Amino acid sequence: MSPIHLVIRGRVQGVGFRWFVRETARRLGLSGWVSNRPDGNVELAAGGAEDALEKLRTAVGNGPPGAVIRSVDELPAPEGNSLPTPFTIVR
């Protein structure tokens, strides 16, 4: 499967969301990154096995305790094949 590129909207900053995404993605063996956006949302790009990417998509749709997910929106897939391994938090 192609890499995924998502924006998660809602109460996702200040609740451990990036750490939750990083740990989930690493446990699933995915490469990629997660970052806070200036607009208060969280963005991520991930690559790996199709079933693992679907599990990550489901996990971010639920979020960690304290998060309130309003939407998970698709962005165009990241360009190139250079997602960092292991999955990391940026910014």
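Predicted model only: the values in this text are computed from it and were never measured.
Both Ile89 and Phe17 belong to a single network of hydrophobic side chains, linked directly or stepwise wherever heavy atoms of I, L, V, M, F, W or Y lie under 4.5 Å apart. Hydrophobic clustering (ILVMFWY, side-chain heavy atoms < 4.5 Å, transitive): Val15 and Leu44 are in one cluster. Residues Leu83 and Val7 are members of separate hydrophobic clusters, defined by side-chain heavy-atom contacts under 4.5 angstrom among Ile, Leu, Val, Met, Phe, Trp and Tyr.
Taking each heavy atom of Thr88 and Arg26 in turn, the nearest pair found is CA-NH2, 4.5 Å. In plain terms, the two heavy atoms of Leu53 and Gly48 that are nearest each other are CD1-O, 3.5 Å. The two residues Val90 and Arg18 come nearest to each other via the heavy atoms O-NH1, 3.9 Å.
Interatomic distance, CH2 of Trp33 versus NE2 of His5, reported as 4.0 Å (0.5 Å rounding). Rounding to the nearest 0.5 angstrom, the gap separating the CG atom in Leu28 from the CD atom in Glu54 is 11.5 Å. A distance of 10.5 Å separates CG in Asn36 from CD in Glu43, rounded to the nearest 0.5 Å. Separation of atoms OG1 (Thr24) and CH2 (Trp19) is listed at 8.0 Å; rounding is to 0.5 Å. Note that CZ of Arg22 is 11.5 Å distant from CZ of Arg27, once rounded to the nearest 0.5 Å.
In this structure, the side chains of Leu6 and Glu74 come closer than 4.5 Å at one or more pairs of heavy atoms.
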Please tabulate, for side-chain N and O atoms in residues 59-66, each donor-acceptor pair with protein atoms closer than 3.5 Å (sequence neighbours left out).
{"residue": "Asn62", "atom": "ND2", "partner": "Thr58", "partner atom": "O", "Å": "3.3"}

Report task. Mind running side chain to side chain contact (heavy atoms under 4.5 Å, CB included) on Phe87 and Val21 for me, showing each step along the way? Result -> CA-CA 9 Å; Phe87 196 97; Val21 172; 3.8 Å; yes

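Between the side chain of Gln13 and the backbone N or O of Arg37, at least one donor-acceptor pair lies under 3.5 Å.
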